[in-house]
Amino acid sequence: MLRRKTRRVQGAEESAGGAFDDPLDAAQERRVRAVLALGGVPQTDLPDGVQQVRLRLLERAASGAEAPRDVSAWAAVVASNLAMDWHRARRRQERIGERLASLRPAEHTGGDSGEETKVLSLAVAQGLDELPDAQRQILVLRFYADLPVRGIAEELGIPEGTVKSRLHSAVRALRTRLHEDEVV
């Protein structure tokens, strides 16, 4: 799905004579990639996700909508939403696979590498995957995209109290998960 929409943008770019100003600068693109990756999007799908953010920014401009006040924050929120969409689609596809592979052993963080940071990173990634979409989104936007609570609330269109509540619940759930796995 991401590739199909990306091709339309590239086609529009070519029909416009090849002159194309990238709506995302290098720093914004790195931030988008980081938010997508931390949101659980596989490395192979990151370029498509970045292109999707560009597409949405271009579509917004083409529709005559006002440009976002903070393109970087707007792009991070769009990337976070894309990551949530990716997880939803993946879950739908994996439901049947999970039923068929019910004998598959549960994943555990192994001590094979001996590096505590790798174990911790893996445990945090697994913990993020287990959080509800709304909590994962808030956590990634706050701690990985470094958006303030007020900025997250404005971009998502929800009250600051809701952001704080979801953030608190997400941190508590992640902390509990890490303690259960004896990672921290």
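Position 1 is the first residue of the sequence; numbering continues from there. Excluded from the calculations below are hydrogen atoms, water molecules and symmetry mates; all remaining heavy atoms, backbone and side chain alike, are included.
- Between the CG atom in L24 and the CZ atom in R31 there is a gap of 11.5 Å [rounded to 0.5 Å].
- For V35 against A79, the heavy-atom pair with the smallest separation is CG1-CB, 3.8 Å.
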Can you give each donor-acceptor pair under 3.5 Å made by side-chain atoms of residues 148-156, sequence neighbours left out, with the distance rounded to 0.1 Å?
residue	atom	partner	partner atom	Å
R150	NE	E160	OE2	3.3
E154	OE1	R69	NH2	2.9

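- In plain terms, the two heavy atoms of A145 and A76 that are nearest each other are CB-CB, 4.1 Å.
- In this structure, a donor-acceptor pair under 3.5 Å is absent between the side chains of Q137 and R166.
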Would you sort out whether V50 and V53 count as a side chain to side chain contact (heavy atoms under 4.5 Å, CB included), showing the intermediate values?
-> CA-CA 5 Å; V50 172; V53 171; 5.8 Å; no

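- When every heavy atom of A134 is checked against every heavy atom of M84, the shortest pair comes out as N-SD, 4.5 Å.
- Side-chain contact check for Q51 and R54: at least one donor-acceptor pair (N or O, by modelled atom type) lies under 3.5 Å.
- Side-chain contact of H179 with R175: a donor-acceptor pair under 3.5 Å is absent, judged by distance alone.
- With sequence neighbours excluded, the residues that form a side-chain contact (heavy atoms from CB on, under 4.5 Å) with D129 are H87.
- Proximity of N81 to W86: side-chain heavy atoms (C-beta onward) are nowhere separated by under 4.5 Å.
- Between the OG atom in S72 and the CG atom in D25 there is a gap of 7.5 Å [rounded to 0.5 Å].
- The closest side-chain heavy-atom distance from P68 to R60 is below 4.5 Å.
- In this structure D146 satisfies the salt bridge (Lys or Arg N to Asp or Glu O under 4.0 Å) test together with R142, sequence neighbours excluded.
- Annotation: the span from F143 atom CZ to I138 atom CD1 amounts to 11.0 Å, rounded to 0.5 Å.
- To the nearest 0.5 Å, atom OG of residue S169 and atom CG of residue L174 are 12.5 Å apart.
- Residues P23 and V71 are not in side-chain contact: their nearest non-hydrogen atoms beyond the backbone lie 4.5 Å or more apart.
- Using modelled atom types, one side-chain atom of T176 and one backbone atom of R172 make a donor-acceptor pair closer than 3.5 Å.
- Listed here is the closest heavy atom pair of D133 and R88: OD2-NE, 3.4 Å.
- If you take CH2 on W74 and CZ on R56, they are separated by 8.0 Å, rounding to the nearest 0.5 Å.
- Residues L38 and V124 fail the side-chain proximity criterion, which asks for heavy atoms closer than 4.5 Å.
- With values rounded to the nearest 0.5 angstrom, L57 atom CG is found 12.0 Å from Q52 atom CD.
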Worked check of side chain to side chain contact (heavy atoms under 4.5 Å, CB included) between E130 and R136 = CA-CA 9 Å; E130 293 175 3; R136 181 184 324 105; over 6 Å; no

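- Proximity of P159 to K164: side-chain heavy atoms (C-beta onward) are nowhere separated by under 4.5 Å.
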Evaluate the side chain to side chain contact (heavy atoms under 4.5 Å, CB included) criterion for residues L82 and V41: first the C-alpha distance (whole Å), next the side-chain angles of each, then the deciding distance (0.1 Å), finally the verdict.
-> CA-CA 9 Å; L82 286 172; V41 175; over 6 Å; no

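- Across L147 and A73, no two heavy atoms sit closer than the pair CD2-CB, 3.7 Å.
- Between L141 and S80, the closest heavy-atom pair is CD2-CB, 3.9 Å.
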